[in-house]
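By convention in this document, chain letters (A, B, ...) are assigned in the order of the sequence lines, proteins followed by strands, and residues within each chain are numbered from 1.
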There are 2 protein chains.
Amino acid sequence: MMKNYNIKILFGSNVREFRHNKGISQEKLAELSGLHRTYISDVERGSRSISLDNIKKIANALEIEVFKLFIFNEEDHYD
Amino acid sequence: MMKNYNIKILFGSNVREFRHNKGISQEKLAELSGLHRTYISDVERGSRSISLDNIKKIANALEIEVFKLFIFNEEDHYD
DNA sequence: CTGTGACTTTTAGTCCGTG
DNA sequence: ACACGGACTAAAAGTCACA
């Protein structure tokens, strides 16, 4: 079972991937989610332990279900 | 698409369900996760916007993957 | 367009209790 | 064994200037 990985890195990597899929900038995602541009940057790089309410704002802005931001991609290692 | 639900209620309900499945008390979950007993109580009732690092601690304590705590149960309504 | 350090305000999270 | 409150401390939220 996956237990020792950095969840902030996993989450941030997934946000970045879905954002790229949507073809938008961090600034656009910030605008859509109502969060600050630099905050999005921090989250994507895994340097913020973001909480539930903001996790949901980002998922809504990306138009995806929240759980998808926690799916582990076997090709990557999150540490 | 599910967009207007309370993620704190969804998360808390799922924590409670998995905890019951495991047959342990809030106090035991608090001990296993390294969080405070009153905080677990608050989280399960959806009154706290818990952050990533602690979300992971709870998933680890429940011995489940993090994403499972965000799965929406169609039978319930989280508001 | 994004990364980062520094910063203030707000909330997450703890610890004491009660019924 | 759990809900809930008050008071507190640690950490997240939120913003900015600059690279």
Can you tell me the distance, in whole Å, between the [atom1] atom of [X] and the [atom2] atom of [N]?
| X | N | atom1 | atom2 | answer |
| --- | --- | --- | --- | --- |
| Asn54(B) | dA12(D) | CG | P | 8 Å |
| Glu31(B) | dT14(C) | CD | P | 14 Å |
| Leu52(B) | dA11(D) | CG | P | 15 Å |
| Ile58(A) | dA12(D) | CD1 | C1' | 13 Å |
| Ile7(A) | dA12(D) | CD1 | P | 13 Å |
| Ile55(A) | dG14(D) | CD1 | P | 13 Å |
| Lys57(B) | dT14(C) | NZ | P | 7 Å |

Checking side-chain polar atoms at under 3.5 Å, does Ser49(B) have a donor or acceptor matched by the opposite partner on Ser51(A)?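 Indeed, the side chains of Ser49(B) and Ser51(A) share at least one donor-acceptor pair under 3.5 Å.
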side-chain hydrogen bond (donor to acceptor under 3.5 Å, both in side chains) partners for [X], two or more places apart:
| X | value |
| --- | --- |
| Thr38(A) | none |
| Arg37(A) | none |
| Lys68(A) | none |
| Ser33(A) | none |

Nearest of dC1(C), dA3(D), dA13(D) to any side-chain atom of Arg16(B)?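 Among dC1(C), dA3(D), dA13(D), the one nearest the side chain of Arg16(B) is dA3(D).
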Kindly point out which of dG14(D), dA13(D), dT2(C) is positioned nearest to the side chain of Glu27(A)?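 So the side chain of Glu27(A) is nearest to dT2(C).
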So which protein nitrogen or oxygen atoms get under 3.5 Å of nucleotides 15-19 of chain C's nitrogens or oxygens?
{"unit_1": "dC15(C)", "atom_1": "N4", "unit_2": "Thr38(B)", "atom_2": "OG1", "d": "3.3"}
{"unit_1": "dG17(C)", "atom_1": "O6", "unit_2": "Arg37(B)", "atom_2": "NH1", "d": "3.4"}
{"unit_1": "dG17(C)", "atom_1": "O6", "unit_2": "Arg37(B)", "atom_2": "NH2", "d": "3.4"}

Scan residues 18-26 of chain A against DNA chain D and write down, sorted by residue number, each residue with any heavy atom closer than 4.0 Å; if none is found, say none.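 Those residues whose heavy atoms fall under 4.0 Å from DNA chain D, taken from residues 18-26 of chain A, amount to none.
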Name all residues meeting the ring pair (Phe, Tyr, Trp, His ring centres under 6.0 Å) criterion together with Phe18(B); count only those two or more places apart in sequence or in a different chain, and write none if there are none.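 So Phe18(B) forms no ring pair (Phe, Tyr, Trp, His ring centres under 6.0 Å) with any residue.
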Which residues share a ring pair (Phe, Tyr, Trp, His ring centres under 6.0 Å) with Phe70(B), sequence neighbours left out: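 For Phe70(B), the residues satisfying ring pair (Phe, Tyr, Trp, His ring centres under 6.0 Å) (neighbours in sequence not counted) are Phe70(A), Phe11(B).
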I'd like to check the side chain to side chain contact (heavy atoms under 4.5 Å, CB included) partners of Ile71(B); sequence neighbours left out, ordered by chain and number.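 Ile71(B): side chain to side chain contact (heavy atoms under 4.5 Å, CB included) contacts with Phe67(A), Phe67(B).
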List for me each residue that meets side chain to side chain contact (heavy atoms under 4.5 Å, CB included) alongside Arg16(B), sequence neighbours excluded, and say none if there are none.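 Arg19(B), His20(B), Gln26(B), Glu44(B), Arg45(B).
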Contacts to DNA chain C from residues 39-49 of chain A, heavy-atom cutoff under 4.0 Å, which residues?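 Only Ser41(A), Asp42(A), Arg45(A) qualify.
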Does some side-chain heavy atom of Asn60(A) sit less than 4.5 Å from a side-chain heavy atom of Lys56(A)?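 Yes. Closest side-chain heavy atoms under 4.5 Å.
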Does Glu31(A) have any salt bridge (charged side-chain N to carboxylate O under 4.0 Å, His left out) partners at least two apart in sequence or in another chain, and if so, which?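 Glu31(A): salt bridge (charged side-chain N to carboxylate O under 4.0 Å, His left out) contacts with Lys28(A).
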Where each residue is assigned the nucleotide of DNA chain D containing its nearest heavy atom, which of Lys28(B) and Ser51(B) is assigned the position nearer the 5′ end?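 Closer to the 5' end of DNA chain D: Lys28(B).
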